[in-house]
Amino acid sequence: MALLEVTDVTRRFGGITAVDRCSFAIREGSLTGLIGPNGAGKTTMFNLIAGALRPDSGEIRLEGRRLDRLRPHRIARLGLSRTFQLTRELADLTVLENVVVHAPVRVIDLLRPSIGDAERARAMELLTLVGLAAMADAPAGGLSYGQKKLLELAAALMPAPRLLLLDEPAAGVNPALLDAIVGYIERVHRSGVTFLIVEHNMDLVMSLCDPIIVMAHGTVLAQGPRDAIQRDRRVLDAYLGAA
Ligand code: ATP
């Protein structure tokens, strides 16, 4: 069953059509890759799904419910979370606080004088999952680049999303950390979270993601099982053409 459905979505910036009549579906429980050469429209598509941008036309639905007219925080509350290409930690807060601030706010929380123990415990669990528990009380601004990527993953998991959009989780990450990140993604995936991952590292995409959606020049060039995508001549041409 499709968890997310993107139907005939278009988004222009002035004279540029960044996303041009794109349609695809994300199957519940899948680890779907979204690839394509620079400027293909992948980040714009992420921003459209997460509500940071609105489509000029078309529809985006999560479990049949229209997302494309909702604000990002409403979409987040429906179970969709994301990371960013450039990490966005709050440098003066601790690592733990950076995760806790992503807890969904309920009206009842506004009546409480301090952050609840349950939120702290869950944030600690997530920091443990990504190997950052020992840094919980350190200021987030002091983390290394790779550690900030891990923090971002933990923070994105705090609202317990059903669908997690990862924007270039491997960018600028050393091979040892990359292996660790792959392990964390697989573990979270096994716990029932559906993933949509934008990534330029083809080794990572081809080992982790199936199915794969390929965008080029704002359109969906190909989509399907990883094996078929790897053999698809149009996909190869799109990358060679962009090189
Ligand atoms: P990359 O892999 O390099 O991150 P991408 O596939 O994510 O690329 P987008 O960032 O979505 O591609 O960009 C798609 C097109 O839309 C590009 O031509 C880009 O210049 C243009 N674009 C994106 N955002 C804006 C904006 N805010 N204003 C104007 N043009 C934009």
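As the structure lists them, so they are numbered: ligands from 1, and atoms in each ligand from 1.
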Exercise for review: Please list, by chain and number, the protein residues whose heavy atoms come under 4.0 Å of ligand 1.
Suggested key: Phe13, Ile16, Ala18, Pro37, Asn38, Gly39, Ala40, Gly41, Lys42, Thr43, Thr44, Gln85, His200
Practice item. Output, in order, the C-alpha distance, side-chain angles, deciding distance and verdict of side-chain contact (heavy atoms from CB on, under 4.5 Å) for Val198 and Leu166. Key: CA-CA 6 Å; Val198 164; Leu166 298 185; over 6 Å; no
N/O donor to acceptor pairs below 3.5 angstrom from side-chain atoms of residues 12-20, sequence neighbours left out:
none

Check your understanding: With sequence neighbours excluded, what pairs up with Ala170 under the side-chain contact (heavy atoms from CB on, under 4.5 Å) test?
Key -> Leu178, Glu199, Asn201, Leu204
Check your understanding: Under a 4.0 Å N-O cut-off, is there an ion pair linking Arg61 with Glu63?
Key -> no
Residues 210-221, side-chain donor-acceptor partners within the protein, below 3.5 Å, at least two apart:
{"from": "Asp210", "atom 1": "OD1", "to": "Arg226", "atom 2": "N", "distance (Å)": "2.8"}
{"from": "Thr219", "atom 1": "OG1", "to": "Ala216", "atom 2": "O", "distance (Å)": "2.9"}

Review point. Is a salt bridge present between Asp227 and Arg231, judged by a nitrogen-to-oxygen distance below 4.0 Å?
Key: no
